[in-house]
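Written out below as structure tokens is the structure these notes cover.
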Number of protein chains: 2
Amino acid sequence: MPVQPSRNQSSSAAGTPVRGQRADARHNHAQLLQAAREAYALNGTDVPSSTIARRAGVGAATLYRHFPTRGSLIAAAFSEQLTDCVAALDEALRDDDPWRGLCSALAKVCRMQAEDRGFSAAFLGESPDDPDLHRARARAEAGLAQLVQRAKNTGQLRKDFDPSDVTLLLLANSGVVRQSPETSLAASRRLLAYFLQSCRATDGAPFLPPPAPLRLDDLYGPSHRTD
Amino acid sequence: MPVQPSRNQSSSAAGTPVRGQRADARHNHAQLLQAAREAYALNGTDVPSSTIARRAGVGAATLYRHFPTRGSLIAAAFSEQLTDCVAALDEALRDDDPWRGLCSALAKVCRMQAEDRGFSAAFLGESPDDPDLHRARARAEAGLAQLVQRAKNTGQLRKDFDPSDVTLLLLANSGVVRQSPETSLAASRRLLAYFLQSCRATDGAPFLPPPAPLRLDDLYGPSHRTD
DNA sequence: CCACAAATGGAAGAGGTTGTCCGTTTAGCG
DNA sequence: CGCTAAACGGACAACCTCTTCCATTTGTGG
């Protein structure tokens with residue numbers, strides 16, 4: 001069960017509590033993370049940092065001492081979800097039935113997106129600064145490719161399915177989920193059902209148009225602004 | 001053919017050129033609209049108004065004289081696309097084959113979303129102020145319901161398809177299309193293909209989870225901020 | 001209990017966007 | 001051509017968000 005809280009501190013990303021700091025600092029650190037997670041889940045990641053500081057009961061400076069930039073707070077707030085994501089993938093890879101593994105992994109990620117409005121932004125959005133996130137995405141990409149290949153080999157997944165189709169689903173789901181929190185779970189479930197049904201290998205099914213080169217870790221790579 | 005440019009001036013929305021104004025004013029009005037459309041198509045509607053004024057070759061005050069608020073410029077910029085949208089629906093309703101009509105209507109709207117990054121924001125986003133937009137959405141909703149019912153009657157569309165599934169597709173597509181413009185068209189096409197394939201009536205197909213009550217004109221209705 | 005460094009909070013700076021004011025320019029008409 | 005009102009443009013005020021600074025408070029080891 002690799003899903004446990006994992007108190008172990010990597011020193012790579014900013015914002016991880018360092019042993020030897022004062023008790024109030026540790027407490028505020030935790031308060032900030034919790035406030036950030038709650039706020040992001042409800043309203044998405046475009047909540048102003050000042051709001052988070054206020055709801056954590058600390059001043060702005062405290063927030064910025066613990067998380068030097070806005071991005072580092074976001075990254076820290078979602079690192080747990082990221083772990084869960086990778087764990088779901090690992091679990092899917094261990095499933096005897098590749099198709100069932102794929103389905104449950106996709107369902108899990110879609111549900112995470114639906115239940116936390118910030119998740120999509122943090123996972124798919126632009127955050128060119130966090131190395132952890134990049135590594136996780138690359139890792140997810142690789143595991144996914146493996147999972148997809150296995151499901152094809154068993155003949156359960158259509159042959160022209162492309163790993164990028166998972167990214168396609170995640171992006172689509174992020175669009176669906178952006179709406180009112182009350183409906184997002186139901187809508188997300190229905191979208192996934194539609195998607196999975198088409199993914200199943202069927203004899204008479206028409207060919208799909210070619211996949212777009214959507215790689216998880218490439219999204220928002222080069223900027224295209226032309227001001 | 002109700003698709004013609006329609007020079008007729010409704011006086012409801014702000015920004016419609018009024019006869020009797022000076023030639024330079026009319027010219028600037030047109031320049032602003034064009035600049036806005038280009039900028040929005042490329043980068044989405046979150047382009048600063050000052051950028052649009054600059055690219056139209058006018059000062060900020062001129063922009064605000066023609067379009068009193070940021071929202072009115074957005075509404076004016078997309079009113080043509082909105083007309084196209086409704087026209088596509090009308091055309092689909094006139095098609096002898098309801099399924100073909102539905103497919104082409106969905107393809108058209110998805111393509112519009114893919115080719116214009118601002119379209120989704122303008123059409124699905126929050127704009128509680130523009131009555132034209134509300135009317136168009138309501139109208140689209142009604143036509144869609146009709147189209148869906150007809151396709152079900154001919155047995156081409158699965159019985160548990162819900163009109164809200166069209167909204168689901170549009171939202172999903174908006175998520176897909178938000179990415180790099182180079183890939184959005186291909187990605188959008190593929191998403192639509194996946195979706196349509198599942199929508200076709202098939203005997204052995206499993207039931208879908210219940211639809212979420214997504215109504216086009218309800219999106220972003222009540223706000224859920226809790227600051 | 002005390003001293004000192006760690007930690008804090010509020011204020012203020014920097015940057016960006018929306019919308020307004022006012023002196024100046026220019027189209028259109030006689 | 002010249003007058004007048006419509007139209008314009010750039011500067012400016014108001015606001016918001018991110019981030020930093022510094023005087024003050026507070027936890028903690030001795």
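Sequence lines set the chain letters: A, B, ... in the order given, protein chains first and strands last, and positions in each chain run from 1. Being a predicted model, the structure only gives us computed values, none of them experimental.
- Listed pair B:N28 / D:dA7 fails the phosphate criterion, with no side-chain N or O lying under 4.0 Å from OP1 or OP2.
- Salt bridge annotation for A:E80-A:R37: present, with a cationic side-chain nitrogen under 4.0 angstrom from a carboxylate oxygen.
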Strictly under 3.5 Å: I want the nitrogen or oxygen pairs between protein and nucleotides 4-6 of chain C, one per line.
unit_1	atom_1	unit_2	atom_2	d
C:dA6	N3	A:R22	NH1	2.5

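- Side chains of A:Q179 and A:S184: a donor-acceptor N/O pair is absent below 3.5 angstrom, by distance only.
- Taking 4.0 angstrom as the limit, B:T62 places none of its side-chain polar atoms (N or O) nearer than this to OP1 or OP2 of D:dA7.
- In this structure, A:R137 contributes its side chain and A:F123 its backbone to a donor-acceptor pair below 3.5 Å.
- The phosphate of D:dC8 (OP1 or OP2) has a side-chain N or O of B:H66 nearer than 4.0 angstrom.
- In terms of modelled atom types and a separation under 3.5 Å, the side chain of A:S198 and the main chain of B:Y194 share a donor-acceptor contact.
- Nucleotide C:dG10 holds its P atom 14 Å from the CG atom of A:L63, rounded to whole Å.
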What's touching nucleotides 21-24 of chain C from the protein side, N or O pairs under 3.5 Å?
none

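- At C:dT17, none of the side-chain N or O atoms of B:S50 fall inside 4.0 Å of OP1 or OP2 (strictly under the cut-off).
- Judged by distance alone, the side chains of B:S188 and B:N173 do bring a donor and an acceptor atom under 3.5 Å apart.
- A salt bridge does not link A:R117 to A:D46: none of the charged nitrogens lies less than 4.0 Å from a carboxylate oxygen.
- Taking side-chain N and O atoms only, A:Y64 has a distance below 4.0 Å to OP1 or OP2 of D:dT19.
- Between B:N43 atom CG and C:dT17 atom P there is a gap of 12 Å when expressed in whole angstrom units.
- Protein atom CZ of A:R54 is 18 Å distant from nucleotide atom C1' of C:dT8, rounded to whole Å.
- Map B:A60 and B:D24 each onto its nearest nucleotide of DNA chain D; the residue landing nearer the 5' end is B:D24.
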